[in-house]
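What follows is a single structure, written as structure tokens, with notes after it.
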Amino acid sequence: MSESAHILVVEDDNDIRRIFQVILTRHGFRVSVATTGEEALNFLQLITPDLILLDLALPGVDGGEITRRIKADRTKPFIPIIIVSAHADLNTSVSHLDAGADDVLLKPVDHTLLLARVRALLRLQRAQRNLQQEQRKTELLLHLSRDLGSSIELDVLLTGFLNHLADAIGAIRASIILTGFIEDKVLLYSSSQHPASGEIQDILRYGVAGLALRSRSPILITDTRTDSRWLVTSEHHQDVRSVAAMPIIRDNRAWGVITLVHHTPGYFTNEHLELLSSVAAQSAVALESARLYRLSEQQKELLARRAEELRQINEINRMLSELMQMDQLSRLLVQMIHHQFKYPLVALLLRQDNQFELRAIAGVNLLGEAKVVTSLEEGLSGWVYRQQQPLRIDDLRQDSRFVPLLPGEVLARSALSIPILLGRELLGTIEVRSPQPGAFTSNDEAILQAIANQLAIAIGNARLFESEQRRIRQLNDINRLSLALTAQLTGATDMQLIAKAVTQIFQTKWAAIILFGPKPTDTIVASYGQEASFDQELSRLLQRNPYIAAKIAMVQQPCYVTDLAERVDLASLQSLFTDQALDNLLLAPLRVKKQTQGFLCLEVNRRMQFGQAEQELLTTVASLIVQIIENARLYQIVNDERSTLNAILQSAADPILLIDPQARLLLANSAALARLQIDQKIHYGQPVDQFPALRAILPALDKEGSTALEIEPQPHLHFSVSIAPVRGVDRKTLGRVVVFRDISPIKRLEQQERERVRSVFRRYVSPEVAERLLSAGGDFGTPTERTVAVLFADMRGFTTLAEQLDARVLVDRILNRYFTAMTDALYAYDGTIDKFLGDGLIGVFGSPISHPDDPQRVVMAAVAMQQAFARLAQIWREELTFDIGMGIGISYGSAVVGNIGSDQRQDYTLIGDVVNTASRLCSIAQAGQIIISSNLMQALGDQSPYELRELGAVRLKGKQEPHVIYEVLFDQSLVNAGK
């Protein structure tokens with residue numbers, strides 16, 4: 001592969017210079033030469049080589065000085081320098097490198113080494129220059145960013161930006177075409193003196209810029225002579241050879257395209273496209289800001305024109321708001337809109353029940369009164385009513401929604417309909433029309449919407465004023481009624497006070513409260529405005545005619561009962577009401593829990609006096625009366641429940657406490673006072689932590705739900721404590737009930753039973769295992785089938801020894817020592833003693849507590865037993881001069897384990913073939929030997945703690961098939977010593 005790097009050789013020796021030139025040229029390098037330091041410096045003023053091969057000992061300016069000058073010149077890119085020196089000492093080389101040289105070669109120079117050093121430094125030079133190029137690219141983007149951010153005025157912004165972009169990249173011309181900046185308008189800006197403004201539509205339709213915009217992707221043309229996409233529209237375009245175009249995209253919107261051109265073919269590369277991509281992204285942000293600036297300037301001008309108009313509208317609205325007359329407001333509003341904004345036709349439609357009514361119109365000559373009423377579904381106003389949003393139509397002839405409804409609307413070509421919204425309620429619409437198509441813009445819509453909002457506020461203020469006046473009267477009346485009500489209704493006297501207040505509120509001469517009881521005879525009547533006997537007579541009539549009470553009890557809303565003198569269904573009441581001159585009544589039901597419990601009655605002479613507002617007020621008063629009645633009933637219920645609760649608490653034998661959310665004592669029954677040493681006079685309202693007997697329950701008081709725990713406030717005194725929250729109707733915690741139950745006798749029985757079970761456990765297992773069984777609980781002893789390992793151990797030579805020794809010596813010095821040592825060995829691995837068999841024993845692993853490694857445990861226990869027995873055998877040999885051995889057999893399998901026996905006597909033992917197999921294996925084992933079954937060998941697998949040796953198949957007593965047995969191999973030193 002040939003290399004075209006440019007190398008400058010500075011050498012005063014002609015031969016050496018010639019050798020360097022030939023070698024480097026032969027390997028594809030371009031070589032320039034200089035004979036002196038001054039000549040080299042002059043050369044560098046004109047041309048920048050890729051590498052300098054510099055002789056140190058030059059006449060005039062030497063190589064070291066040249067190196068320092070080149071490295072100090074920051075305007076030059078990185079140029080690697082190789083010093084060629086005849087001095088071979090290390091200090092000289094180090095000084096050259098300190099001066100700035102990148103490498104040092106010693107004369108005579110090896111040609112292969114020279115080429116290797118040159119190629120290495122050229123690679124470093126290319127990497128360094130690429131880094132500098134990226135740095136320049138970053139700096140270019142920074143400068144362009146500053147250009148884009150220096151102004152938000154479009155002409156100033158793009159002129160400086162394009163000039164800087166063209167200079168930085170070296171383009172002959174940089175241009176930008178904007179298609180999305182202004183609607184229906186294309187803008188062209190260029191750094192050239194000759195922008196192609198006249199052919200801009202052709203460029204967008206057929207040229208590179210239009211193609212980049214349509215494809216939304218960059219375009220790179222290396223030579224326009226061979227690429228048909230370049231469109232020549234003028235003589236200046238004929239000189240262009242290289243083109244780069246990049247679309248400006250932001251938020252999926254195309255703003256325009258940036259185009260760079262150059263006279264040199266292939267001038268622009270993919271790196272330029274990457275740079276243009278970043279420039280286009282920043283340009284999109286700057287253009288959006290410029291567009292917003294331009295829009296704000298336009299809005300500023302528009303607002304300046306509208307400011308005075310809006311001031312006049314606001315002034316008129318202020319005066320109209322003071323007048324609070326809707327007709328005047330409507331006429332003045334449409335006239336102002338017509339006069340200030342020059343709209344040919346302006347109309348105001350207001351909603352009245354289920355239709356629109358024309359309240360005012362301006363711009364047409366009306367003969368007489370123009371009363372126009374339309375439905376809520378007709379025309380443009382009907383569409384606005386349904387959609388509750390403005391409607392702008394540029395050509396009414398092309399829109400089927402348009403129906404001429406207003407005077408003079410037939411000649412209209414464009415329309416704008418604005419909803420008048422108060423919250424979510426549509427009050428009406430403002431309608432404007434023009435005979436010109438497209439006469440209204442979004443600005444008109446915004447201004448009319450602002451006026452509509454002000455009009456809605458004015459209408460709302462009028463409604464609020466009327467509503468507030470009515471509300472003030474209602475609140476004053478209700479306040480007087482509240483003063484007449486008491487916390488409890490003690491009888492008819494209190495209800496008569498309420499009836500009196502009702503007559504004052506509604507300015508009537510008579511009012512009554514009727515309350516139905518569970519039975520007709522419980523009906524109560526309390527009235528004001530008639531003779532005292534009226535209440536009793538009306539009560540008796542209702543009691544004698546329960547069907548009347550049942551009929552009016554079906555009423556759920558306020559209603560009128562008119563013409564009492566002619567009501568056949570109320571004939572029994574006619575004489576009483578006629579005598580009192582009562583003919584028209586207004587009834588408001590008193591409803592408690594959706595049930596009518598009575599009525600509030602008003603005498604109404606003229607029905608028209610009582611409109612919707614009065615009925616709402618009557619309903620409010622009825623609700624107040626219901627609340628007082630219900631409060632009185634609840635108060636009585638609470639008193640009854642409190643008495644019942646106190647009786648229950650005082651009769652309870654267990655201590656009971658009520659504690660508030662702040663952990664303070666609220667209530668204690670007699671048992672709590674006596675058992676917990678609580679003083680009623682001192683401790684009520686005090687924190688619980690002040691009572692030693694109660695401190696143990698403090699953590700449980702912080703829990704949300706019910707809690708149960710056991711405490712021992714004194715030695716041998718145990719309480720089972722139940723804590724439950726007390727919640728109100730709103731589910732808010734009001735306190736906690738704490739109940740103490742003395743369980744001391746139960747605890748004593750549990751302790752006795754635990755000790756009994758512990759003594760039973762220790763007969764079979766180690767103390768540690770016994771405690772674990774007790775902690776785990778469960779029904780110990782129930783026969784169950786389990787997988788176990790069974791160990792049989794039996795002494796060899798014991799029968800001969802028993803014939804020769806005294807029985808006491810045999811028991812004390814042999815058997816007791818033997819069983820103790822074997823038990824310790826088994827317990828060390830959590831084994832269980834099933835039973836002792838004269839001079840042997842049975843051990844079990846896997847019951848009552850099992851372990852995953854029971855097969856390993858039984859083998860390790862058997863080895864420990866043999867080693868412990870060997871130590872005992874040594875002692876017996878020394879003391880009694882007898883040799884005794886022990887054989888062990890182990891089997892693994894399923895057995896039934898548990899308490900087995902009669903009702904009079906049971907033993908915790910195991911039954912199964914695994915027991916018989918272990919016994920047969922034990923009889924085979926010789927002294928010091930451990931024989932295991934094939935089942936145990938399979939369970940051990942490759943996890944056996946000791947090596948196993950197969951002994952072959954043997955026939956066991958009671959078995960038809962031969963049984964393969966294995967011997968456990970372990971350290972026999974102690975066993976042999978015992979033998």
Side-chain angles (χ1 to χ4, degrees), residues 763-767 789-845 856-891 917-933 936 944-949 951 954 957 965-979:
R763 292 174 51 194
Y764 305 103
V765 297
S766 66
V790 181
L791 180 150
F792 263 76
D794 187 40
M795 285 193 288
R796 304 292 186 257
F798 180 77
T799 303
T800 303
L801 183 64
E803 293 174 352
Q804 299 179 17
L805 290 179
D806 180 70
R808 181 178 296 275
V809 174
L810 187 66
V811 172
D812 292 342
R813 300 180 65 178
I814 295 181
L815 288 180
N816 287 345
R817 287 181 177 180
Y818 166 67
F819 287 131
T820 299
M822 298 303 102
T823 300
D824 291 341
L826 279 172
Y827 283 179
Y829 295 95
D830 287 347
T832 302
I833 300 295
D834 179 62
K835 60 175 61 71
F836 296 118
L837 303 171
D839 59 346
L841 59 86
I842 303 175
V844 181
F845 286 79
Q856 287 79 12
R857 288 172 178 263
V858 70
V859 172
M860 291 188 291
V863 172
M865 291 170 65
Q866 285 287 15
Q867 293 174 344
F869 188 87
R871 289 189 290 272
L872 288 176
Q874 180 67 28
I875 296 173
W876 293 330
R877 185 180 301 106
E878 295 174 354
E879 294 180 354
L880 305 174
T881 65
F882 284 105
D883 285 332
I884 306 174
M886 181 179 68
I888 296 177
I890 309 173
S891 183
T917 301
S919 176
R920 301 293 185 268
L921 296 177
C922 180
S923 63
I924 295 174
Q926 299 178 7
Q929 193 176 28
I930 302 173
I931 303 298
I932 67 171
S933 66
L936 180 56
S944 176
Y946 295 96
E947 184 181 353
L948 303 178
R949 180 174 63 192
L951 299 180
V954 298
K957 184 179 180 180
I965 61 175
Y966 298 84
E967 179 184 3
V968 178
L969 303 179
F970 59 95
D971 185 4
Q972 294 281 347
S973 59
L974 291 176
V975 178
N976 294 332
K979 291 180 181 179

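Heavy-atom basis, side chains included; hydrogens, waters and symmetry copies ignored. Counting from 1, the numbers follow the sequence of the chain as shown. Source: prediction; values computed, not measured.
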ask   = Do L815 and M795 touch side chain to side chain, with heavy atoms closer than 4.5 Å?
value = yes

Considering all heavy atoms, the nearest Q867-D971 contact = NE2-O, 4.4 Å

ask   = Could you walk me through whether E967 and L969 pass the side-chain contact (heavy atoms from CB on, under 4.5 Å) check?
value = CA-CA 6 Å; E967 179 184 3; L969 303 179; 4.1 Å; yes

query = Can you find a heavy atom in the side chain of F792 that is under 4.5 Å from one in the side chain of L837?
reply = yes

ask   = Hey, does the side chain of W876 reach the backbone of R813 with a donor-acceptor pair shorter than 3.5 angstrom?
value = yes

ask   = Looking at side-chain heavy atoms only, is the closest gap between I814 and V809 below 4.5 Å?
value = no

task = Only one of L948, I965, L951, L921 passes side chain to side chain contact (heavy atoms under 4.5 Å, CB included) with I932; say which it is.
result = L948

key: Y818 versus D794, closest heavy-atom pair with distance   = OH-N, 4.4 Å

inquiry  = Using side-chain heavy atoms (C-beta onward) and a distance below 4.5 Å, is I890 in contact with I931?
reply    = no

message = If I compare all heavy atoms of M822 with all of A868, which pair ends up nearest, and what's the gap?
response = CE-CB, 4.0 Å

query = What's the shortest heavy-atom distance between F882 and L880, and which atoms?
reply = CD1-O, 2.9 Å

query = Looking at side-chain heavy atoms only, is the closest gap between V859 and Y829 below 4.5 Å?
reply = no

task = Report, as yes or no, whether the 6.0 Å neighbourhood of atom CD on E947 holds more than 12 heavy atoms from other residues, nucleotides or ligands.
result = no

inquiry  = Can a donor-acceptor pair be found, under 3.5 Å and without considering hydrogens, that links the side chain of R796 to the backbone of M886?
reply    = no

inquiry  = Could you report the tightest heavy-atom contact between L826 and G843, atom names first, then the distance?
reply    = CD1-CA, 4.2 Å

task = Taking the side chain as every heavy atom from C-beta outward, state whether M865 and L791 have any pair of such atoms under 4.5 Å apart.
result = yes

query = Would you say T820's side chain and R817's backbone share a donor-acceptor pair under 3.5 angstrom?
reply = no

ask   = Y946: what forms a ring-ring contact (aromatic ring centres under 6.0 Å, His included) with it, not counting sequence neighbours?
value = none

key: Side-chain touch Y966/R949, heavy atoms, less than 4.5 angstrom   = no

task = Before giving the answer on side-chain contact (heavy atoms from CB on, under 4.5 Å), spell out for I842 and V790 the whole-Å C-alpha distance, their side-chain angles and the decisive distance to 0.1 Å.
result = CA-CA 7 Å; I842 303 175; V790 181; 3.9 Å; yes

